[in-house]
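Notes to accompany the following structure.
All values reported here derive from a predicted model rather than from experimental measurement. Along the sequence shown, residues carry numbers from 1.
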Amino acid sequence: MDNLTFRYSVLLVEGLQITPQSSQLTFIFLLMAYVFAMVSNIGILIQILAEKSLHQPMYILFCHLPVSDIIGITVLVPRLLKDLMTDPSERYITYMECVFQAFFAHFYGTTSHTILMIMAFDRYVAICNPLRYPTIMSNKMIVKLSAGAWGAAVVPVSILIGLSVRLSHCRSFIANHFCDNPSLFKLSCENTVINNVYGLTFTVVLLTSSLGWVLLTYLRIVMVCIKSNNKATNSKAIKTCSTHLAVYIIMQICGFVPIVLHRFPVYAESRKFGGMMFHIIPPGLNPIIYGLQSKEIRQRMLKMCIHKS
């Protein structure tokens with residue numbers, strides 16, 4: 001076979017390097033976290049879709065976040081649970097499964113930013129242009145923002161993974177607990193400069209545009225609140241923005257930890273757990289934060305509990 005096109009069909013995943021006792025505790029923690037995140041995110045989605053009073057731009061845009069969180073936690077945790085119950089020498093994964101896992105892992109990471117960016121725009125319009133809000137945030141605009149959030153993730157992530165898939169293999173070992181883009185192109189002995197350059201550029205552009213957009217919108221919101229003498233309006237602005245800002249900060253912290261630890265090989269195992277937290281903490285906390293802060297969602301949940309009891 002021509003070595004320029006050679007690819008292993010089955011790969012061995014390193015997984016988490018922990019003791020058998022720790023494996024059991026980790027399995028229980030991951031299982032509980034996965035069940036909680038799935039139930040809470042699907043529950044909020046059902047509430048918003050079923051309750052007509054929640055069919056507002058803010059909640060419609062928020063619906064994208066639970067969908068992204070479900071993708072993020074599902075792409076990682078079920079596979080980890082399986083590997084924890086498997087002997088380290090038998091943690092095999094097919095190459096195509098690895099590619100799909102890498103794609104959706106990076107897809108989740110990107111949509112985490114783009115969805116929160118369009119939600120920041122919604123809050124900006126609602127607070128800075130309240131009279132024009134119904135006109136600006138029309139159904140057409142919601143469709144455009146939604147398509148933009150997902151499209152801005154699909155295209156660059158497809159290119160990112162495509163650049164790695166084109167390479168031939170000289171290794172069959174994934175030195176990580178799951179498949180991501182670096183894991184894919186490290187299987188090759190070919191020149192991967194273009195992969196590194198594109199990956200770094202993509203990450204920098206995503207982070208700077210996300211941070212820049214959120215900072216810009218919140219700066220404008222703060223300026224409007226300072227100029228306004230309406231305490232009720234300012235209080236409402238703080239309440240609605242604090243929820244979005246809390247979710248954004250949690251996502252950024254969870255995302256930066258594995259990126260920073262990646263630069264220090266001595267913390268390889270800590271980096272693995274940091275990467276896990278990015279897929280577990282936001283999907284678990286986001287429904288709680290929005291569910292508790294949003295009066296409408298909170299009242300809907302209370303109605304459901306009373307009805308069931």
Side-chain angles (χ1 to χ4, degrees), residues 7 61-76 95-122 141-168 174 176 178-188 190-217 244 247-248 250-263 271 274-276 278-279 282-283 286:
R7 294 184 181 87
L61 293 178
F62 168 68
C63 278
H64 296 291
L65 196 59
V67 173
S68 175
D69 287 341
I70 289 170
I71 292 172
I73 197 167
T74 301
V75 76
L76 176 67
Y95 178 64
M96 288 310 299
E97 286 176 333
C98 190
V99 170
F100 277 111
Q101 187 179 44
F103 175 85
F104 283 107
H106 289 279
F107 182 69
Y108 161 68
T110 307
T111 54
S112 296
H113 287 272
T114 56
I115 291 169
L116 288 173
M117 287 170 70
I118 64 172
M119 291 174 68
F121 175 75
D122 172 74
M141 175 59 76
I142 292 173
V143 171
K144 286 182 179 179
L145 290 172
S146 302
W150 293 99
V154 170
V155 175
V157 171
S158 297
I159 297 173
L160 182 76
I161 302 301
L163 288 172
S164 296
V165 171
R166 69 186 173 87
L167 300 170
S168 61
I174 300 293
N176 201 2
F178 74 106
C179 294
D180 56 5
N181 185 57
S183 301
L184 287 177
F185 69 71
K186 285 178 182 178
L187 294 172
S188 177
E190 294 183 38
N191 190 329
T192 58
V193 172
I194 188 172
N195 298 74
N196 285 299
V197 171
Y198 180 82
L200 180 60
T201 303
F202 172 47
T203 303
V204 171
V205 170
L206 177 64
L207 292 178
T208 53
S209 59
S210 173
L211 279 170
W213 180 257
V214 172
L215 286 174
L216 178 63
T217 53
H244 176 269
V247 170
Y248 186 79
I250 290 170
M251 183 270 295
Q252 286 285 17
I253 292 174
C254 293
F256 270 113
V257 168
I259 292 175
V260 172
L261 291 177
H262 187 74
R263 305 301 172 188
R271 175 178 58 82
M276 282 171 49
F278 179 69
H279 289 262
N286 291 347

Kindly determine whether I115 and V67 satisfy side-chain contact (heavy atoms from CB on, under 4.5 Å), including the steps that lead there.
-> CA-CA 10 Å; I115 291 169; V67 173; over 6 Å; no
Please name the pair of heavy atoms, one in A149 and one in T111, separated by the smallest distance, quoted to 0.1 Å.
-> O-CG2, 4.4 Å
Kindly give the heavy-atom pair with the smallest separation between Y95 and L184, and that separation in Å.
-> CE1-CD2, 4.1 Å
Under the side-chain contact (heavy atoms from CB on, under 4.5 Å) rule, what do F256 and L207 come out as? Steps first, then yes or no, please.
-> CA-CA 10 Å; F256 270 113; L207 292 178; 4.1 Å; yes
M117 side, atom CE; L211 side, atom CG - distance, nearest 0.5 Å | 9.5 Å
Under 30°, 30 to 60°, or over 60°: which ring-plane class applies to F100 and F104, parallel, tilted or perpendicular?
-> parallel
Would you say I194 has more than 12 foreign heavy atoms packed within less than 6.0 Å of its CD1?
-> no
Measure the CD1-CG distance between I118 and L61 for me, rounded to the nearest 0.5 Å.
-> 4.5 Å
Any residue meeting side-chain hydrogen bond (donor to acceptor under 3.5 Å, both in side chains) with W150, in chain and number order, not counting sequence neighbours | H64
Starting from the C-alpha separation in whole Å, work towards a yes-or-no answer on side-chain contact (heavy atoms from CB on, under 4.5 Å) for S209 and H113.
-> CA-CA 9 Å; S209 59; H113 287 272; over 6 Å; no
Nearest-0.5 Å distance that lies between atom OH in Y248 and atom OG in S112 = 11.0 Å
Does T74 reach the main-chain N or O of I71 with its side chain, forming a donor-acceptor pair under 3.5 Å?
-> no
Looking at N191 and L167, what are the two nearest heavy atoms and their distance?
-> O-CD2, 4.4 Å
Are side-chain heavy atoms of T110 and F202 found at a separation under 4.5 Å?
-> yes
Within the side chain of H244, is there an N or O that forms a donor-acceptor pair under 3.5 Å with the backbone of L116?
-> yes
Main-chain N/O of C179 paired with N176 side-chain donor or acceptor, under 3.5 Å = no
Sub-3.5 Å donor-acceptor pair from the side chain of S188 to the main-chain atoms of F185, do we have one?
-> no
How many angstroms lie between NE2 in H106 and OG1 in T203, if you round to the nearest 0.5 Å?
-> 8.0 Å
Considering non-hydrogen atoms only, spot the tightest contact between S168 and E190 and give its length.
-> OG-OE2, 2.5 Å
So, N195 side chain and L163 main chain: donor-acceptor pair closer than 3.5 Å or not?
-> yes
Applying side-chain hydrogen bond (donor to acceptor under 3.5 Å, both in side chains), name anything that partners N181, two or more places apart in sequence or on another chain.
-> S164
Return the set of residues passing ring pair (Phe, Tyr, Trp, His ring centres under 6.0 Å) with F178 (not counting sequence neighbours), or none when no residue passes.
-> H279
Measure the OG-CG distance between S183 and D180 for me, rounded to the nearest 0.5 Å.
-> 3.5 Å
Short side-chain to backbone donor-acceptor contact, Q101 and L76, under 3.5 Å | no
For the residue pair G199 and L160, what are the closest heavy atoms and their distance?
-> CA-CD1, 3.8 Å
Gap separating the OG atom of S68 from the CD1 atom of I73, nearest 0.5 angstrom = 11.5 Å
List the atom of F278, the atom of M251, and the distance in Å for their closest heavy-atom pair.
-> CE1-O, 3.8 Å
